[in-house]
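Taking it in order: structure first as structure tokens, then the write-up.
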Amino acid sequence: MPDSTPTPALAKAPATGTRPALPAPLLAAARRIADTHHAEHGTPVTAAQLATRMGIALPVATAALSQL
């Protein structure tokens, strides 16, 4: 006879929809760099370029760009 016990569903981590809070000075610097890059090159700055210019980790640069 097959086991009739239901298999528990895998629980996903709840999506909070919140972004990490970044310090205002970091966001201001990111905005300044992004604006300058766009003015000089005519294209948006990438997260990798922003990370290099600011000396920060790529995930932090990505978060900063998403908040600009």
Checklist entry - Considering only heavy atoms from C-beta outward, does the side chain of Leu22 approach that of Gln67 to under 4.5 Å? => result yes
Item to check | Leu65 and its side-chain contact (heavy atoms from CB on, under 4.5 Å) partner, picked from Leu27, Leu50, Thr46, Val60 | outcome: Leu50
Checklist entry - Do Thr43 and His37 come close enough that some side-chain heavy atom pair is under 4.5 Å? => result yes
Checklist entry - For Val45, does its backbone N or O pair with a side-chain atom of His38 as donor and acceptor, under 3.5 Å? => result no
Checklist entry - Between Ile56 and Leu68, is there a shared hydrophobic cluster once you connect ILVMFWY residues whose side-chain heavy atoms come closer than 4.5 Å? => result yes
Checklist entry - For Ala64 and Ala30, which heavy atoms make the closest approach, and how far apart are they? => result CB-CB, 4.1 Å
Checklist outcome for this item: What one should report as the nearest heavy-atom pair of Met54 and Ala29 is CE-CB, 3.8 Å
Checklist entry - Counting distance only, does the side-chain N/O of Ser66 pair as donor-acceptor with the main-chain N or O of Ala63 below 3.5 Å? => result yes
Item to check | Stepwise side chain to side chain donor-acceptor pair (under 3.5 Å) test for Gln49 and Thr52 | outcome: CA-CA 5 Å; Gln49 291 167 327; Thr52 299; over 6 Å; no
